[in-house]
**Q** 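Here it is, the structure, as structure tokens.
This is a predicted model, so every value here is computed, not measured.
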Amino acid sequence: MHRPTGETVLLYGFRDPQRMREINYVMVQMGIRVKVIKDEQLGQTVGYLAGIKGMEENPNPETYEPFDKEVLIMHNFTIDKRIDLMLSNIKKRGLDGIPLKCVLTSSNKKWTFYELANELEKEHTLLTGGSKLENAEEDMTEE
């Protein structure tokens, strides 16, 4: 096991126990702290969940339906190469990619985990298949 780096990943939605073990193995080997987010934590801010000082727990968070996608949020990664290495190591373990991922920023740290995951899903849809939606809307307006 490697020395802790101060880097943290928030993981949500990894329902397959074997997949979770494999991803956790990668993080432990790299010295990355893992925090698994539970369904009942979706209404908490991402900053609070990541352990950012000054970010307070919401005592009455809104309740959300469980999100059906895997989400990975990275915090405190100071070198882009570390992110690339982490993603490469996940791939080397034979795991499919994690399409909903981002780095924690000064603005998104204030969002609830659910809001951020929902935004990531929208962005992913636009990047991968959103053009299909736009084309269908254009076809409808041309008729």
Side-chain angles (χ1 to χ4, degrees), residues 1-140:
M1 179 164 77
H2 294 277
R3 186 178 55 161
T5 60
E7 300 160 335
T8 301
V9 293
L10 305 179
L11 299 175
Y12 173 80
F14 291 82
R15 309 280 188 233
D16 177 355
Q18 180 61 30
R19 183 168 166 80
M20 185 63 204
R21 276 192 295 279
E22 293 289 334
I23 288 175
N24 200 43
Y25 176 82
V26 168
M27 302 307 163
V28 168
Q29 290 301 307
M30 292 185 67
I32 300 169
R33 181 175 158 248
V34 174
K35 179 157 188 195
V36 177
I37 306 304
K38 298 178 174 86
D39 292 335
E40 57 270 15
Q41 295 175 301
L42 291 174
Q44 293 293 341
T45 64
V46 181
Y48 167 75
L49 294 170
I52 295 176
K53 289 181 182 172
M55 298 293 298
E56 299 291 323
E57 178 179 15
N58 181 349
N60 299 306
E62 191 168 334
T63 305
Y64 294 97
E65 288 293 317
F67 203 72
D68 67 344
K69 302 277 194 263
E70 294 176 343
V71 181
L72 182 146
I73 299 175
M74 297 161 272
H75 173 56
N76 225 12
F77 282 72
T78 56
I79 303 171
D80 288 342
K81 288 181 182 179
R82 287 283 294 167
I83 293 172
D84 293 340
L85 179 61
M86 177 190 69
L87 298 174
S88 174
N89 286 341
I90 288 171
K91 193 173 187 175
K92 284 179 188 172
R93 301 280 312 165
L95 300 169
D96 292 334
I98 304 162
L100 304 186
K101 58 186 169 291
C102 72
V103 173
L104 192 63
T105 67
S106 58
S107 53
N108 71 19
K109 73 180 183 182
K110 299 172 188 169
W111 297 13
T112 66
F113 194 93
Y114 182 86
E115 290 167 336
L116 183 52
N118 199 37
E119 184 63 26
L120 290 172
E121 184 174 41
K122 286 178 190 174
E123 289 176 10
H124 179 70
T125 300
L126 284 174
L127 291 172
T128 59
S131 59
K132 293 177 191 172
L133 260 175
E134 291 166 9
N135 290 342
E137 288 173 359
E138 286 174 12
D139 290 344
M140 288 174 59

**Q** For Asn58, is there any backbone N or O sitting under 3.5 Å from a side-chain donor or acceptor partner on Gln44?
**A**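 Yes, the answer is positive, given that a donor and an acceptor are paired below the 3.5 Å cut-off.
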**Q** Looking only at non-hydrogen atoms, find the nearest pair between Leu42 and Pro66 and report the distance.
**A**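 Closest heavy-atom pair between Leu42 and Pro66: CD1-CA, 4.2 Å.
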**Q** Give, for atom CD1 of Ile83 and atom CD of Glu7, the distance between the pair rounded to the nearest 0.5 Å.
**A**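 It is 8.0 Å, given to the nearest 0.5 Å.
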**Q** Of all the heavy-atom pairs spanning Gly6 and Asn76, show the shortest one and how long it is.
**A**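 Reported closest heavy-atom pair: O-ND2, 2.9 Å.
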**Q** List the atom of Arg15, the atom of Phe67, and the distance in Å for their closest heavy-atom pair.
**A**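 Arg15 and Phe67 have their closest heavy atoms at NH2-O, 3.4 Å.
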**Q** Take Met30 and Arg82, measure what side chain to side chain contact (heavy atoms under 4.5 Å, CB included) needs, and give me the verdict at the end.
**A** CA-CA 9 Å; Met30 292 185 67; Arg82 287 283 294 167; 3.6 Å; yes
**Q** Kindly determine whether Tyr12 and Asp39 satisfy side chain to side chain contact (heavy atoms under 4.5 Å, CB included), including the steps that lead there.
**A** CA-CA 8 Å; Tyr12 173 80; Asp39 292 335; 2.5 Å; yes
**Q** Hey, could you give me the NZ/CG distance between Lys35 and Leu10, rounded to the nearest 0.5 Å?
**A**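 One gets 7.0 Å once the value is rounded to the nearest 0.5 Å.
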**Q** Going by atom type alone, with no hydrogens or angles, which donor-acceptor pairs under 3.5 Å involve a side-chain atom of residues 87-98 and a protein atom two or more places apart or on another chain?
**A**
{"residue": "Asn89", "atom": "ND2", "partner": "Leu85", "partner atom": "O", "Å": "3.4"}
{"residue": "Arg93", "atom": "NE", "partner": "Glu22", "partner atom": "OE1", "Å": "2.7"}
{"residue": "Arg93", "atom": "NH2", "partner": "Glu22", "partner atom": "OE1", "Å": "2.7"}

**Q** Of all the heavy-atom pairs spanning Ala117 and Leu100, show the shortest one and how long it is.
**A**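 That closest heavy-atom pairing would be O-CD1, 4.4 Å.
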**Q** Quick check: closest heavy atoms across Gln41 and Val36, and the distance to 0.1 Å?
**A**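 Closest heavy-atom pair between Gln41 and Val36: OE1-O, 3.8 Å.
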**Q** Run Thr112 and Glu62 through side chain to side chain contact (heavy atoms under 4.5 Å, CB included) and show every step you take.
**A** CA-CA 9 Å; Thr112 66; Glu62 191 168 334; over 6 Å; no
**Q** Roughly how far, to the nearest 0.5 Å, is CZ of Phe77 from OG1 of Thr8?
**A**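 The CZ atom of Phe77 is 7.5 Å from OG1 of Thr8, to the nearest 0.5 Å.
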**Q** Does a sphere of radius 6.0 Å around CD in Gln18 hold more than 12 heavy atoms from other residues, nucleotides or ligands, not counting ones at 6.0 Å or beyond?
**A**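 Correct, the count exceeds 12.
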**Q** Report the distance from atom CG of Leu104 to atom CH2 of Trp111, rounding to the nearest 0.5 Å.
**A**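 It comes to 11.0 Å.
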**Q** In this structure, are over 12 heavy atoms from other groups packed under 6.0 Å from Glu65 atom CD?
**A**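 Not more than 12 within 6.0 Å, no.
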**Q** Gly13 and Glu70: which non-hydrogen atoms are nearest, and at how many Å?
**A**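 Between these two residues, the closest heavy atoms are O-CG, 3.4 Å.
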**Q** Would you say CG of Asp84 has more than 12 non-hydrogen atoms from neighbouring residues, nucleotides or ligands within 6.0 angstrom?
**A**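 More than 12 within 6.0 Å, yes.
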**Q** If you round to the nearest 0.5 Å, how far is NZ of Lys110 from CD1 of Ile52?
**A**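 Interatomic distance, Ile52 CD1 to Lys110 NZ, rounded to 0.5 Å: 10.5 Å.
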**Q** Show every salt bridge (Lys or Arg N to Asp or Glu O under 4.0 Å) that has at least one partner inside residues 116-126, sequence neighbours left out.
**A**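 As it turns out, the salt bridge (Lys or Arg N to Asp or Glu O under 4.0 Å) pairs with a partner in residues 116-126, which skip direct neighbours, are Lys69-Glu121.
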**Q** Parallel, tilted or perpendicular: which one describes the rings of Tyr64 and Tyr114, with boundaries at 30° and 60°?
**A**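 Rings of Tyr64 and Tyr114: parallel, as their planes differ by under 30°.
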**Q** Say you draw a straight line from CG of Leu11 to NZ of Lys101; how long is it, rounded to the nearest 0.5 Å?
**A**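 Answer for the CG-NZ pair, Leu11 versus Lys101, is 12.5 Å.
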